[in-house]
Structure formats: C-alpha cells, structure tokens
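Labels below follow one simple rule: chain letters A, B, ... track the order of the sequence lines, proteins then strands, and each chain is numbered from 1. These numbers come from a predicted model, not from an experiment.
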Amino acid sequence: MFALADGNNFYVSCERVFDPSLEGRPVVVLSNNDGIIIARSNEAKRMGIAMGTPAFRVRKLIESGKLIAFSSNYALYGDMSNRMMRIFGEFTPGVEVYSIDEAFLDFRGFPPATDFKALGRDIRRRVRRYIGIPVSIGFAPTKTLAKALNRIAKKHMPGGVAVADTPAKIRRALEMTPVEDVWGIGRRHAARLQRQAVHTAAEFVRLPDDWIRKRMSIQGLRTKYELLGRPVWDLEQGIPPRKAIRTARTFVQDTSDRDFVDEAIAHFTAVAAEKLRAQGSWARYITVFLRTNRFRRHQTYQALHFTVTLPYATSSSIVLIHYAREALRRIWRPELAYKKAGIMLTGLQPQGQRQLDLFRPSPDMKHHRLMQIIDRINLTEGRHSVRIAAQGRARAWQLAQMRRSPRYTTRWDEILRIYAH
DNA sequence: TCTGGGGTCCTAGGACCC
DNA sequence: TCTGGGGTCCTAGGACCC
C-alpha cells in the first residue's frame, strides 16, 4: 500500500496555527505581489471564491472584513512543511516529499492485515497535535489511486482517512472520482474525455488501450494501469538535481525602464545561480525572456526570449550575469512596456569536468572560490547582503506584500517585534 | 488600476550520421 | 522510370503537476 498524506488548505492552516481566531472564518492566501488567490479555507471555498481569482475581484470583501487575506509567507510554510514531513517519517522510512504540502508514504512492507484506517487516524492525530495542521490521508495499492483516495478522504470522510485495499473498494473509488480529478489527467484531456461521455475514472479505465495511447500518449496509458491497481510509479526518495532553474517575476507595474529591467535580470540571474551552486551544478545555457501585459487591450501580447550558449559551463554569477545582460540587449524593444521578466538556466551538469572552447574565453577559475565565499556570507548575514553591482540596490525585485504574517518559526526579530507592542 | 511562480515528460519533425 | 535502412541529437510545442 501507498498513502498520500497532505495538509488541508495548507497555507491557510499554517496561518491558523499562529492565530487560532482564524478558525471557522473565511481566509485566503495570496500569491506574490498579492496578485491572485492560491489557498482558501473551507469557509472561503463555500463563499464561491475560486482558485486563481485575482485579488482585486475580492477587494471589497477583504476591506469590509468578510474575508481575511494574507500575503504568502513561504519562510513559514516551508518550515511547517519540514516539521510535518518529519512526523510522517516516524511512521515509515519511505517518505517521498512530493510538494510543500503533500507526501507519498510507502507501506508496502507492512503486513497485509494492517489496519490502515487506524494507522491513518494515528498519523492524523499526531500531526494535528504536534504541528497543528489538519491532514487527509488516502491509502491504496498505487500512487494514482492513493491520490484519488486522498480526495475522497477530504470530501467524504469526516475522519479524514480513506482506504481502498480490496478490488471492490477500488471499483467504488473509481466510480466516485470524476475524470478531471484523476492525477495525470489535466484540463485538456478531461474536456476531450467528457465529449466522449467519459465522466468518471471508472469509465476511463474501460477505454481501450490503443485509444488512450493514441490520444494521451504513453502517460495516459500509465494512468489507466495505475487506476486498475497495477503500479507503474515507484516511490522516489532523495531530491534529484533540477534539470532547469528558472527565476521570473511579474512587475507591480508595466515598465519600459531599461535600467530597471537590466537590474531585475541581473538579480534573477544571481538568485538562480545561487540555486545552481546549491545543487552542485554548472549551466551551459541561459535564456532571458520578457513578456508584455496579457491583460492589456491596446497592446498585443508579446513574449520575447533569447538563449545564449555559454562558452563553458559555469555557476559563476558574474559570468552568468554578463551573458544574461547580453541576451537582454538582443531582445529589448524600447517601444514596449513589460509586465514580466525572467531567466532560465538549462543544460545543467554536475560540477566537475567541462569542455572548453579553443576560440572563446576561458573560465576565470577564481570565481568558484569567490562564489563560495559570497554564498557563505549571505547564509549567515542574510540573503543578498553581498551582491554583484549589476543587481543594483534592492528596487527591481521588491514585491508588493501588504498582508504578510510574521515568519513565526524562523525569525526571532519578527516575533520580538510583536511582543514588544 | 489591480491578474503567480516553478517544474517535468512526451512527441513530432528536422538535421545529421553511417 | 525505378531511389534503403537504421540510428542519434536537438528543438518547439503540448500536456501535465504543485
């Protein structure tokens, strides 16, 4: 058996741990720049507030106090997540951290007679007591089924635990699962399946293999097998190195200010390079992209991008920023106003040997050591304490965050400020 | 006025190799 | 007139996930 355990309305639940007066009230958490809604309490869901709603659409509700909104506080959610995952680890060594709020748990070595319902309730109780987060858990023989059972636990089981350990229970679960809620079937395929009168997971698994293979690729077929209880996906532990690292931001306002965007690109590159070094990789390519505002009527949407092949793989912020700015020069069009900019590092390889180019500049070997020192200083003295000059002075990347809660679990200075009042 | 950020995998087609 | 067979690598676009 696998289990999929996740925190209910995770970001909202994190906020509630530190302010219990939020219990029972409609609460939402906003994305970067307080742009859209990315988490909702059950009460907010019941008010009909959809995922992804722009914040300005619910502004009146927030200002009148009918809806409580928080800016996102990833330092808090990340820390709460780690604590929750540690509790999961007390029940089985097989924990795959699948996202910030959910994990697959491996119970394949457990005796068949195990009472998984009771085990699930145990996990739930312990997380609730020690971390303060309500969780839901679904048990089943494959990961895709465990996902479906987790949804059933959340929607239909007051105890927050659902188990499918017999063919009959699996069949029943498939009938209860709308096809659009199956893990691996997204919006496009769901719409197409519904046109074919396929509305539930039970109906989906009745489709012939070659029909699925042709229209939904090998992935669709894997989903079918998993729903039938034939495991395709194994537990994945440890963090595989990223194959791409991307940093991008939406600006608070559209901008044509070249210097501003130049600093932003340099900064995004520095942030991405830091992640690159943290996982011990070098990058071979850097892509810079610019986007105009897709919601503007009078200007057609433009997405510009340019990729530079670096003369040698590197993780030096200095080298990467140099080529990022060159890429920006290539695509910059002064007549446009940009809403979003970003960079992406690809062609990642483990640090070690690298192929050099006979006719192009050689790497500066001193950078490696310099970057190590910068990273170490920034770790102890605070992010961005030491910067490359091109990153400018903290203006390009500032987010609008009007409603962020304190970083309760990681920043003493913020806690002390509250209690000083 | 105001609309997020960061990833992975698969397929088809082109360019190239012997 | 008739024009093989087998492979790799790269890229863009689509679909999916949180």
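The aromatic rings of Phe251(A) and Phe268(A) sit parallel, their planes meeting at an angle under 30°, below the 60° perpendicular limit. Note on ring orientation: taking the six-membered ring where Trp is involved, the planes of Tyr338(A) and Trp332(A) are tilted (angle from 30° to 60°). Relative orientation of the Phe139(A) and Phe116(A) rings is tilted, given thresholds of 30° and 60° on the angle between their planes.
The residue Arg222(A) sits close only to the backbone: its heavy atoms come under 4.0 Å of sugar-phosphate atoms, none of a base. Using a 4.0 Å heavy-atom distance criterion, Arg59(A) is classed as a base contact. As judged by a 4.0 angstrom heavy-atom cut-off over every strand, Ile185(A) is placed among residues touching the sugar-phosphate backbone only. Among the heavy atoms of the strands lying under 4.0 Å from Ala244(A) are primed sugar atoms or P, OP1, OP2 only; no base atom is included. Among the heavy atoms of the strands, none lies under 4.0 Å from Thr53(A). Ile100(A) comes within 4.0 angstrom of no nucleic acid atom, judged by non-hydrogen atoms across all strands. Nucleic acid contact for Val58(A): none, since no nucleic acid atom lies under 4.0 Å from a heavy atom of the residue. Residue contacts for Lys214(A): at a heavy-atom cut-off of 4.0 Å it reaches no nucleic acid atom on any strand shown. At the heavy-atom level, Asp34(A) lies nowhere under 4.0 Å from the strands shown. Residue Arg213(A) is in sugar-phosphate contact alone, with no base atom involved, counting any heavy-atom pair closer than 4.0 Å across all strands shown. No contact: Gln253(A) has no heavy atom under 4.0 Å from any strand.
Expressed to the nearest 0.5 Å, how far NZ of Lys147(A) lies from CD1 of Ile152(A) amounts to 13.5 Å. Within the model, atoms OG1 of Thr314(A) and OH of Tyr312(A) stand 5.5 Å from one another, a figure rounded to the nearest 0.5 Å. To the nearest 0.5 Å, atoms CZ (Phe104(A)) and CD (Glu236(A)) are separated by 9.5 Å.
Residue pairs meeting the ring-ring contact (aromatic ring centres under 6.0 Å, His included) criterion with at least one partner in residues 37-61 of chain A, sequence neighbours excluded, do not occur; the list is empty.
Between Arg187(A) and Glu180(A) no salt bridge is recorded (no basic side-chain N to carboxylate O distance below 4.0 Å). Electrostatic pairing of Arg403(A) and Asp34(A) does not count as a salt bridge here, judged by no charged N lying under 4.0 Å from a carboxylate O.
On the nucleic acid side, DNA chain C has its first and last nucleotide under 4.0 Å of a heavy atom of chain A at dA15(C) to dC18(C), going 5' to 3'.
Nearest-nucleotide mapping onto DNA chain B: of Asp254(A) and Lys340(A), the residue sitting toward the 5' end is Asp254(A). Projected onto DNA chain B by closest heavy-atom contact, Thr250(A) and Ile218(A) fall at different nucleotides, the more 5' of which corresponds to Thr250(A).
Taking the C1' atoms as reference points, dC17(C) lies 16 Å from dG4(B), given to the whole Å.
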Can you give me the dot-bracket string for DNA chain B, 5' to 3', counting Watson-Crick and G-U wobble pairs with both distances under 3.5 Å, using [ ] for crossing pairs and | for partners on another strand? ....||||||||||||||

